[in-house]
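Atoms considered below: every heavy atom in the structure, side chains included; atoms not considered: hydrogens, waters and symmetry mates.
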Amino acid sequence: QVQLEESGGGFLQAGGSLRLSCAVSARLGSSDTMAWFRQAPGKEREFVASLFRNYGRAYYADSVKGRFTISRDNAKNTVSLQMDNLKPEDTAVYYCALAQRAILSTIRLPATYNYWGQGTQVTVSS
């Protein structure tokens with residue numbers, strides 16, 4: 001059973017930056033797709049960013065494109081999300097997720113992912 005653990009959440013003012021990290025208990029393989037999702041109160045879980053398999057190409061939600069950067073360190077089995085120019089609408093619980101052998105057309109769907117972390121809260125004040 002693979003376990004994921006997020007860290008780095010917090011409370012900050014709009015315009016600030018935050019870096020989330022996700023530690024994976026197993027070795028990250030070349031077919032593993034890593035992603036970040038978020039869920040605000042009363043809303044559905046939404047896609048934020050993903051690294052499809054080990055191909056190096058990142059995919060982002062339009063709402064975070066140009067502000068967030070996802071990265072992966074296979075040697076340390078970690079995935080990070082650098083968040084810059086944060087806005088109040090970025091407030092949510094952020095989840096790290098792993099999908100084994102995902103296909104590209106489904107990487108924005110929560111159901112694609114086999115494993116999830118417990119989430120870390122990010123709160124951005126105006």
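- Pairing each heavy atom of Trp116 with each of Pro110, the nearest pair is CZ2-O, 3.4 Å.
- Panel note: side chain Arg53, backbone Ala102; a donor-acceptor pair is recorded below 3.5 Å.
- Within the model, atoms CD1 of Ile107 and CG of Leu51 stand 9.0 Å from one another, a figure rounded to the nearest 0.5 Å.
- Cluster membership for Val24 and Val48, using ILVMFWY side-chain heavy atoms within less than 4.5 angstrom, is shared.
- Judged by distance alone, the side chain of Thr91 and the main-chain N or O of Val124 form a donor-acceptor pair under 3.5 Å.
- For the side chain to side chain contact (heavy atoms under 4.5 Å, CB included) with Leu28, the lone residue among Asn54, Asp73, Asn74 that qualifies is Asn74.
- Under the 4.5 Å side-chain heavy-atom criterion for ILVMFWY residues, no single connected hydrophobic cluster contains both Tyr95 and Met34.
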Worksheet item: Between Asp90 and Lys87, does a salt bridge (Lys or Arg N to Asp or Glu O under 4.0 Å) hold up when you go through it step by step?
Response: CA-CA 5 Å; Asp90 293 320; Lys87 304 176 181 180; over 6 Å; no
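- The shortest non-hydrogen separation linking Leu81 to Trp36 is CB-NE1, 3.6 Å.
- Hydrophobic clustering keeps Val64 apart from Phe52 (ILVMFWY residues linked when any side-chain heavy atoms are closer than 4.5 Å, directly or through intermediates).
- Tracing side-chain contacts under 4.5 Å through hydrophobic residues (I, L, V, M, F, W, Y), one never reaches Tyr59 starting from Leu20; they form parts of separate clusters.
- Considering CG of Asn85 and OG of Ser17, their distance stands at 8.0 Å, rounded to 0.5 Å.
- Taking the six-membered ring where tryptophan is involved, the planes of Tyr94 and Phe68 are tilted, since the angle between them lies from 30° to 60°.
- In the model, Glu5 has no side-chain atom that pairs as donor or acceptor with a side-chain atom of Ser7 under 3.5 Å.
- The environment of CD in Gln118 is sparse: at most 12 heavy-atom neighbours from other residues, nucleotides or ligands sit within 6.0 Å.
- The structure places CZ of Arg19 at 9.5 Å from CG of Asp84, a figure rounded to the nearest 0.5 Å.
- Residue Gln121 holds its CD atom at 11.0 Å from CD of Gln39, rounded to the nearest 0.5 Å.
- Atom CZ of residue Phe47 and atom CG of residue Leu109 lie 9.5 Å apart, to the nearest 0.5 angstrom.
- Taking both residues in full, the closest heavy atoms of Asp32 and Arg27 are given as OD2-O, 4.0 Å, listed atom of the first, atom of the second, then distance.
- Remark: the backbone N or O of Ala40 is not paired with any side-chain donor or acceptor of Arg45 at under 3.5 angstrom.
- Other residues, nucleotides and ligands contribute at most 12 non-hydrogen atoms within 6.0 Å of the CD atom of Gln3.
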Worksheet item: Going through the checks in order, is the side-chain hydrogen bond (donor to acceptor under 3.5 Å, both in side chains) test met by Ser80 and Gln82?
Response: CA-CA 6 Å; Ser80 298; Gln82 176 65 40; over 6 Å; no
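- Tracing side-chain contacts under 4.5 Å through hydrophobic residues (I, L, V, M, F, W, Y), one reaches Val79 starting from Val2; they form part of the same cluster.
- Summarising the geometry, atom SG belonging to Cys22 is positioned 5.5 Å from atom CD belonging to Glu6; distances are rounded to the nearest 0.5 Å.
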Practice prompt. Check step by step if side chain to side chain contact (heavy atoms under 4.5 Å, CB included) holds for Lys76 and Ser21.
Written response: CA-CA 11 Å; Lys76 296 181 179 180; Ser21 293; over 6 Å; no
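- The two residues Leu4 and Cys96 come nearest to each other via the heavy atoms CD2-SG, 3.4 Å.
- Side chain of Tyr113 to backbone of Thr33: no donor-acceptor contact under 3.5 angstrom is found.
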Discussion item. Set out, in order, the CA-CA distance, both residues' side-chain angles and the distance that settles side chain to side chain contact (heavy atoms under 4.5 Å, CB included) for Arg67 and Met83, then state yes or no.
Written reply: CA-CA 6 Å; Arg67 299 187 298 121; Met83 305 186 294; over 6 Å; no
